[in-house]
Enquirer: 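Questions regarding the structure given below will be posed in turn.
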Amino acid sequence: MDLKAENISFSYNKKRQILKDVSLSLNSNQIVGLIGDSGSGKSTLCKIISGYISNYSGKVTLDDKEIPDKDYYPVQLIFQHPEKTMNPKWKMDKVLNEAWAPTQELKDTFGLKDSWLTRWPNELSGGELQRFSILRALNPKTKFIIADEISTMLDAVTQVQIWDALIKHCRTNNIGILAVSHDPELLEVICDDILYFKDINHI
Ligand SMILES: Nc1ncnc2c1ncn2[C@@H]1O[C@H](COP(=O)(O)OP(=O)(O)O)[C@@H](O)[C@H]1O
Ligand SMILES: [Mg+2]
């Protein structure tokens with residue numbers, strides 16, 4: 001499958017245009033990195049590609065077809081701060097099962113412990129929470145993952161564990177990844193190809 005963003009332009013307000021004629025494409029057998037300065041609009045682009053922002057110009061397609069937003073959205077965004085995406089009044093088993101019910105094998109791949117399921121989000125570390133948010137995004141209907149600085153807040157060991165598990169799952173299941181980071185060393189290790197945001201944003 002091919003995910004394409006074509007000629008995306010966007011501004012939050014009249015004062016400043018954030019994106020101008022941004023195009024990129026990736027195949028589901030690829031891991032593509034996107035690197036760029038803080039505040040340049042990478043997360044905004046991620047939100048557009050994942051269906052969180054709709055008032056942009058240009059188009060986002062999957063195998064050259066527009067993505068219907070009524071059904072499950074096959075392009076899933078994983079955020080930098082997992083705690084912001086979870087209901088603090090839900091225990092973790094509800095947080096996880098709201099999305100889907102992953103197999104025990106997949107929970108094990110991500111090192112998710114059963115004892116975490118009965119805790120509240122504020123009783124887990126950032127790395128533990130991020131394992132939940134990644135698993136939530138891996139519903140079998142997911143075709144692409146947009147990983148927006150997903151390991152920036154984590155220590156080096158956790159970062160490696162999480163990326164190993166995510167890459168293994170995505171390679172096996174033919175899920176493409178757009179990995180956004182400001183860390184070139186990380187992207188060089190995990191990506192097939194790296195895009196520079198300043199080269200694709202014609203602002
Ligand atoms: N909801 C919003 N309303 C107005 N401006 C925003 C909003 N979200 C982000 N911005 C601004 O848009 C610019 C790009 O932000 P962002 O896409 O988060 O950049 P990056 O991810 O590259 O750091 C920043 O100047 C940011 O302050
Ligand atoms: Mg960002």
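Order of appearance sets the numbers: ligands from 1, and atoms from 1 within every ligand.
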Enquirer: Output, in order, the C-alpha distance, side-chain angles, deciding distance and verdict of side-chain contact (heavy atoms from CB on, under 4.5 Å) for Leu96 and Trp90.
Expert: CA-CA 10 Å; Leu96 181 60; Trp90 284 7; over 6 Å; no
Enquirer: Would you list the pairs meeting side chain to side chain donor-acceptor pair (under 3.5 Å) in which at least one residue belongs to residues 39-48, sequence neighbours left out?
Expert: Tyr12-Thr44, Ser43-Asp148
Enquirer: What distance separates Leu24 CG from Asp199 CG, expressed to the nearest 0.5 Å?
Expert: 12.5 Å
Enquirer: Please determine whether side chain to side chain donor-acceptor pair (under 3.5 Å) holds for the pair Gln130 and Ser133, giving the CA-CA distance in whole Å, both sets of side-chain angles, and the decisive distance to 0.1 Å.
Expert: CA-CA 5 Å; Gln130 195 61 298; Ser133 63; 2.3 Å; yes
Enquirer: Mind checking what makes ring pair (Phe, Tyr, Trp, His ring centres under 6.0 Å) contact with Tyr196, not counting sequence neighbours?
Expert: none
Enquirer: Heavy-atom contacts with ligand 1 below 4.0 Å: which residues, ordered by chain and residue number?
Expert: Tyr12, Arg16, Ile18, Asp37, Ser38, Gly39, Ser40, Gly41, Lys42, Ser43, Thr44
Enquirer: Rounded to the nearest 0.5 Å, what separates atom CZ in Phe10 from atom CG in Leu45?
Expert: 11.0 Å
Enquirer: How many protein N, O or S atoms sit closer than 2.8 Å to the Mg ion (ligand 2)?
Expert: 1
Enquirer: Side-chain donor-acceptor pair under 3.5 Å between Gln76 and Arg136, yes or no?
Expert: no
Enquirer: Considering non-hydrogen atoms only, spot the tightest contact between Ala137 and Thr142 and give its length.
Expert: O-OG1, 2.7 Å
Enquirer: To the nearest 0.5 Å, tell me how far Phe79 CZ sits from Met86 CE.
Expert: 11.5 Å
